[in-house]
Every structure is written in structure tokens, then in C-alpha cells.
Amino acid sequence: MDLIQFGSYIKELRKKKGLTLASLSALSGVSHPYLSQIENGKLKNFPSPEILIKISEPLDVRYEKLLKAAGHLDNEALHDYYEHDVKLHEMTTKVLKALSTNGYFFEDVQIKIFKIFLGNMSFEPGLEDFDKFYLEYLRYKEEEEPDYIDVELEEAFIKFYNYNTVLKTLTVELNSKAFDWREEVLGKLTELALERINPSSESIETSNKELSFFLEQPNILYKTHRLSKQQIKLLESFLDTLIMDSLKSKKIALTLFAQGNSVEEISKIINESPETIQEWTIKENK
């Protein structure tokens with residue numbers, strides 16, 4: 001697709017949405033003259049990704065389609081984009097489910113959810129007015145009367161901020177938003193979920209965190225190096241092997257201990273530390 005063909009494509013999308021150049025300019029924040037140059041194929045180069053993301057929403061077209069049309073994405077990159085998109089969606093649904101029940105967020109996370117998405121929620125009639133009233137409501141509770149409850153506002157909250165509306169914001173209506181924004185929000189939601197699942201405590205039981213939950217997140221780094229899917233799978237395979245070996249060693253150690261062997265003797269046989277074997281035998285005998 002050359003610049004003239006790209007301009008015709010944008011013009012067709014705009015007319016399909018019933019927009020004028022002036023209205024598209026107002027909705028996207030891209031100047032009227034620049035949009036006119038795009039449509040008439042007068043630019044020397046294709047619009048930048050930053051411009052494309054601004055016009056993608058009012059034109060109701062997926063951001064990656066514009067990227068590909070403008071030559072910013074080849075087929076391999078587009079495949080990676082879709083794969084990343086699917087991964088983000090899977091992680092988003094998993095985290096949102098951990099923060100909600102029957103489609104509604106738990107009371108202890110509602111205010112934090114509101115602050116994370118304030119000003120970024122997909123459009124719903126009455127949302128803008130609700131946000132203003134709810135902000136004032138929170139200010140009043142914080143400064144004047146912490147125990148005050150506005151039942152109508154609390155009921156309205158679950159209408160505008162629930163599992164479905166937030167998921168829609170992250171994966172449907174605002175899918176054209178940059179991955180950076182979506183990953184930033186996912187990071188905040190993940191922290192919120194982990195805080196709720198594992199509150200600060202001295203007990204071992206409440207401090208445990210499942211490693212697979214972290215490995216499923218996008219952009220895992222090790223010493224500033226981004227791990228590929230293959231490397232993560234290799235890491236998981238290594239850990240599986242390590243755990244299986246540990247379980248086999250434990251089974252052998254307990255058998256030898258039951259036969260009357262000392263901890264020191266068992267340690268020499270299976271190359272495990274006496275402290276570890278002692279821990280296994282104590283747990284077994286409880």
C-alpha cells in the first residue's frame with residue numbers, strides 16, 4: 001500500500017463513520033491540515049504510530065491494522081502482536097477474576113480500582129457525572145466522615161466499575177491503546193490481587209506466592225534480559241525436574257530413616273544436607 005492508497009483507506013474509514021475532517025480532528029487531537037494531507041497522499045512518509053493510535057479509536061479500526069497498512073508491522077511482527085494481545089487478555093481475565101466475585105469487585109479493592117481506571121473507562125452514559133460525584137464522595141469520607149455511606153453511589157459504582165466494564169476497557173473498546181498502558185494497568189491489578197491474596201504477614205502460609213502466576217505475565221526479565229517463551233518453558237521444565245528429584249530424595253530418605261538409619265548416614269547416601277533430612281523426618285512424624 002502506497003501513500004495515496006493509504007490516504008484513500010483512511011478517507012473511506014472516516015466516511016464510513018460519518019465523520020468530517022473537522023470532527024475527526026476534534027476527536028483525535030490531530031490537526032485538520034495534517035489529516036487532509038494524509039487523505040490526499042501529500043505526506044512524504046506514512047504517519048507515525050503515535051498519530052495512528054490517535055485516529056484509530058474515532059475511526060473504529062484496530063490499531064494494528066493501521067500499523068500494518070502504514071508499513072510499521074510486517075507479518076511476523078503482526079503475529080507477535082496478536083500473540084501478545086492474547087496473552088494480555090488471558091492474564092487480564094485471570095487477575096480480574098481474583099479481584100471479583102459474581103462479576104463485582106470486592107469492597108476492599110473498589111476504591112483502588114476506581115483510581116486506576118478513572119478517566120480511562122470506555123464510554124457509558126452517565127459515567128462522567130458519576131466520576132465527579134464519586135470523587136467528591138471519597139473526598140468527603142476522607143476529610144469529614146469516614147463512616148459515611150452513600151447507598152445510591154455505592155450501587156452506581158458496581159454499574160460503572162465491574163468485571164465486564166473493566167475487561168471491556170482493557171480488551172475491547174480501548175484495544176487500540178498502546179500496550180505500555182495496558183501492561184502498566186495489568187501490573188497494578190496484579191499487585192492489587194497479590195496484596196489481597198497474600199496480605200503482609202509473618203506467617204509462612206500467607207506469604208507463599210505461586211511462581212507460575214508471575215511467569216505467565218508478559219515481559220518477564222532476568223538481569224535486564226527479557227525471557228522468551230522457550231526460555232520460560234525450559235525454566236519450568238528444569239524446576240519440574242528439580243522438584244521431582246527432591247521428592248524422590250525425600251521418599252528415599254524417609255524409607256531409610258524408617259529402617260533405622262541416622263540422619264548423617266542418609267545424608268551421605270542421597271547427597272542431601274542433614275538439616276533438610278531432619279526437616280523432612282520431623283514433618284513426617286507429626
Side-chain angles (χ1 to χ4, degrees), residues 1-75 77-82 84-86 88-89 92 113-136 156 159-161 164-188:
M1 184 177 291
D2 59 28
L3 288 167
I4 294 177
Q5 291 172 325
F6 181 79
S8 297
Y9 172 56
I10 297 299
K11 187 174 184 178
E12 181 182 343
L13 290 173
R14 175 177 62 77
K15 288 188 173 182
K16 187 177 179 181
K17 289 297 295 180
L19 299 173
T20 64
L21 278 172
S23 57
L24 178 57
S25 176
L27 290 169
S28 66
V30 180
S31 73
H32 186 293
Y34 189 84
L35 291 171
S36 179
Q37 285 184 303
I38 292 177
E39 292 192 358
N40 293 317
K42 300 294 185 181
L43 295 177
K44 293 182 180 180
N45 298 298
F46 285 98
S48 67
E50 290 75 19
I51 293 294
L52 296 179
I53 199 171
K54 290 180 179 180
I55 65 175
S56 61
E57 287 187 49
L59 290 178
D60 194 24
V61 59
R62 289 179 68 94
Y63 176 45
E64 69 272 15
K65 286 186 177 181
L66 292 185
L67 286 174
K68 186 177 182 183
H72 294 301
L73 278 181
D74 56 22
N75 288 333
L78 187 60
H79 172 76
D80 292 342
Y81 181 100
Y82 277 119
H84 195 174
D85 192 52
V86 170
L88 274 177
H89 179 78
T92 298
I113 292 289
F114 175 74
K115 291 180 178 179
I116 288 174
F117 287 94
L118 179 62
N120 288 303
M121 289 292 288
S122 57
F123 177 77
E124 292 288 343
L127 174 63
E128 188 175 348
D129 288 338
F130 168 79
D131 285 346
K132 293 177 182 177
F133 287 123
Y134 201 74
L135 276 173
E136 183 61 26
K159 171 187 174 183
F160 293 111
Y161 292 83
N164 289 323
T165 58
V166 166
L167 185 62
K168 179 181 178 183
T169 293
L170 284 171
T171 61
V172 183
E173 289 290 323
L174 300 182
N175 194 52
S176 59
K177 277 188 175 290
F179 271 133
D180 289 346
W181 179 82
R182 296 174 64 196
E183 289 180 349
E184 179 185 352
V185 171
L186 179 57
K188 291 178 181 178

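No experiment lies behind these values; they were computed from the predicted model shown.
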| task | Sequence neighbours left out, what pairs pass side chain to side chain donor-acceptor pair (under 3.5 Å) with at least one residue falling in residues 9-19? | result | Arg14-Glu39
| said: Using the rule given for side chain to side chain contact (heavy atoms under 4.5 Å, CB included), can you reason through Leu170 versus Phe117, listing the C-alpha separation, both sets of side-chain angles and the distance that settles it, and then say yes or no? | reply: CA-CA 10 Å; Leu170 284 171; Phe117 287 94; 3.9 Å; yes
| task | Check whether any side-chain heavy atom of Thr169 lies under 4.5 Å from a side-chain heavy atom of Tyr161, and answer yes or no. | result | no
| message | Which label fits Phe114 and Phe130: parallel for a plane angle under 30°, tilted from 30 to 60°, or perpendicular past 60°? | response | perpendicular
| field | Spatial distance of atom OG (Ser56) from atom CD1 (Ile51) [nearest 0.5 Å] | value | 11.5 Å
| Residue pair Pro58 / Leu27: nearest heavy atoms and the distance that separates them | CB-CB, 3.8 Å
| said: Are Phe160 and Thr165 packed together at the side-chain level, in the sense that at least one heavy-atom pair is separated by less than 4.5 angstrom? | reply: no
| note | Output for pair (Leu43 CG, Ser36 OG), nearest 0.5 Å, gives 9.5 Å
| said: Counting C-beta onward and ignoring hydrogens, is there a side-chain heavy-atom pair between Ile55 and Leu35 closer than 4.5 Å? | reply: yes
| remark: To the nearest 0.5 Å, atom CG of Leu19 lies from atom OG of Ser25 at 11.5 Å
| said: Could you go through Glu136 and Lys132, starting from their C-alpha distance and side-chain angles, then the distance that decides it, and tell me whether this counts as salt bridge (charged side-chain N to carboxylate O under 4.0 Å, His left out)? | reply: CA-CA 6 Å; Glu136 183 61 26; Lys132 293 177 182 177; over 6 Å; no
| Hey, does Leu13 have a side-chain heavy atom less than 4.5 Å from the side chain of Leu66? | yes
| said: Just verifying a value: how many Å separate Ile116 CD1 and Glu184 CD, rounded to the nearest 0.5 Å? | reply: 9.5 Å
| request: Just do the side chain to side chain contact (heavy atoms under 4.5 Å, CB included) check on Met121 and Val166 with the steps written out, would you? | output: CA-CA 7 Å; Met121 289 292 288; Val166 166; 4.2 Å; yes
| query | Do you know which two heavy atoms are closest between Lys54 and Ser28, and how far apart they sit? | reply | O-CB, 3.4 Å
| Distance from Leu127 atom CG to Leu118 atom CG, nearest 0.5 Å? | 8.5 Å
| What pairs of residues pass the ring pair (Phe, Tyr, Trp, His ring centres under 6.0 Å) test when at least one of them lies in residues 10-43, not counting sequence neighbours? | none
